[in-house]
Every structure is written in structure tokens, then in C-alpha cells.
Amino acid sequence: MNAMYKKLQSCLKSIREKTDFVPEVGLVLGSGLGDYADSIKQVASVEYKDIEGFPVSTVKGHKGRFVFGYVGEVPVVIMQGRVHYYEGYAMTDVVLPVRLMGMMGAKKIFLTNAAGGVNENFHAGDFMIITDHITTGVPSPLIGPNIEELGTRFPDMSEVYSRRIIQVIKNCAEECGIKTQEGVYVQFTGPNYETPAEVRLARIWGGDAVGMSTACEAMAAKHMGLEVCGISCITNMAAGISKTPLNHKEVQEIADRVSKQFAELVTKVILSF
Ligand code: HPA
């Protein structure tokens, strides 16, 4: 059997020893939404460190656990803390948690993150519905022996982010009175922020926002045939567009400032899936 699939199965077994909860939706919390899991009706949680073989996040402020529970009547599993490529893990380990959510039963994957605005019409504090992505700056998580149990060797990526859900998000945002942008997310490795030249490159490529996560997870979820959607919180304008140097504290502050609205939108979307 494929070694990565074996690892996934042993992680799943480890989770199943703690809970038999079957989620419909898998939600990944980015900066600003870290406390979202505390607002739902929780029925169980599993610390990443208690799952054998699971990559544990090293970023300060990122918690590391799966939270199981209900948003309204919808059974969800929430990743409170994700794994980033810049932490030094193989890309296959970075996407392991998202694949696991699919193996637990989730049919839809909802990705959130903080990102830098590349589109000059954006402002710090905006929400961008991800319509597509560019992963040219990072290795594909699908490199290596294909996991046939999950998906095909050469998966189609012409609609990674479900057009159906994009419309749902737009409708929900309008009902909540929340303004949204739409655009293409460009993933770079991080952990450094981009240079102004890299940001110009992202723009020339057709990107609207830059970040250090998400697109690889979306790709792995799509490979498994899951329905994917994503929203970026634009915490800052990207390097060179922003007139001031970037720092993590500022990113966190903006993310925290809009977190209530972000949570409201996420809840509404999950209830409308
Ligand atoms: N670049 C990359 N990742 C980010 C940024 C950025 O400007 N802001 C928040 N996450």
C-alpha cells in the first residue's frame, strides 16, 4: 500500500479511537478565526499531538486540534491550527489534515486564511472569495506516488473552488451586509513576506492576493473529489503596495478586528451549504 495512505489510515484509526463523529463539512481556520471553534456546539476534540504521525504546527498563536461539533444542525470538523509548508514539513504532510477530514467523511472543505492584497482595489480588512489559485511558487502536494484510493493521477483543476458555493457565499455576504471581493490566491512558501518584485509578478500572473497556505490544501481536497471553497481575509496590502514594512503583529491585529464579521459569514455559509 502507498506509504502516505498507510499513514493517513493510521491517523484516522487514532482519531476513531477517540470519536466516531462523521462531519459533513471540514473547516480550516486561518488567522482571526482561531476562536471560532469555541462558538460552536462542540461534541469532541482531538489534539494533533495525540494523533500518531500527525504534523504538529509550530507557529505561535496557532492551536493544534480538531474540534468536532455542530454549526446549527450541520456536523462539522474544524481544524484549529493548520500545518504550513514553511514549518519544514513535506507538502504531503501539509495536506495530511485536510485529506483526513475527507476520510472522516467531510464532503465539503471550507478554507480560510489571512492574505496580502495584490489587487490595488482591495483594502486591509476586506474579505476575498477565492475563485481560483496559482501554486507555481510551491511544490504540488500530489507529487510522489499517486494515492489511488483518494483520486486519479492527473486530476482536473478547472474548477477547484466550487462555483456553486461561490454563489452561496456571495448571497450570504449580501444578506449579512458584508462586502466581499473575489479573486485569485497565489501561494508562496513563506515564511518571509514577498518582495515588491514578487508581488508585481503575482499581479502579472493574474493574482489578487498572496499567502502561505490554502491552495495546496484546496488541491489535495479537489484530488479527493471534495467540494472546496475559500475566503481570504485581506489583512494588509502586499509588499510594495503597502507603504510600510509588513509585520505579523499588524496582520494579526487586522484579522482580529474583522473576526466577528468573518465568523458571522462563515456560519451563514455553512448553514446555507
Ligand atoms: N503575504 C503572505 N502572506 C500573508 C500576507 C502577505 O502579505 N498577509 C497575511 N498573510
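Because the structure is predicted, anything quoted here is derived from the model rather than measured. Both counts, for ligands and for their atoms, begin at 1 and track the order of listing. The first residue in the sequence is number 1, and the count goes up from there.
Between Phe54 and Phe66, a ring centre-to-centre spacing shorter than 6.0 Å is recorded. Checked against the 6.0 Å centroid threshold, Tyr161 and Tyr185 do not count as a close aromatic pair.
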| task | Using the side-chain contact (heavy atoms from CB on, under 4.5 Å) rule, take Met103 and Leu150 through it: C-alpha gap first, then chi angles, then the decisive distance, then the call. | result | CA-CA 9 Å; Met103 289 169 69; Leu150 299 186; 4.3 Å; yes

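Listed by chain and number, residues touching ligand 1 at under 4.0 Å (heavy atoms only) are Ala114, Ala115, Gly116, Tyr193, Glu194, Val210, Gly211, Met212, Thr235, Asn236, Leu246, Val251.
Look at Lys170 and Glu182 and you find a salt bridge, because one of the NZ, NE, NH1 or NH2 atoms lies within 4.0 Å of a carboxylate O, short of that distance.
In this structure, the separation between CG on Leu100 and CD on Gln9 is 10.5 Å, given to the nearest 0.5 Å.
Within a 6.0 Å sphere centred on CZ of Arg163, other residues, nucleotides and ligands contribute 12 heavy atoms or fewer.
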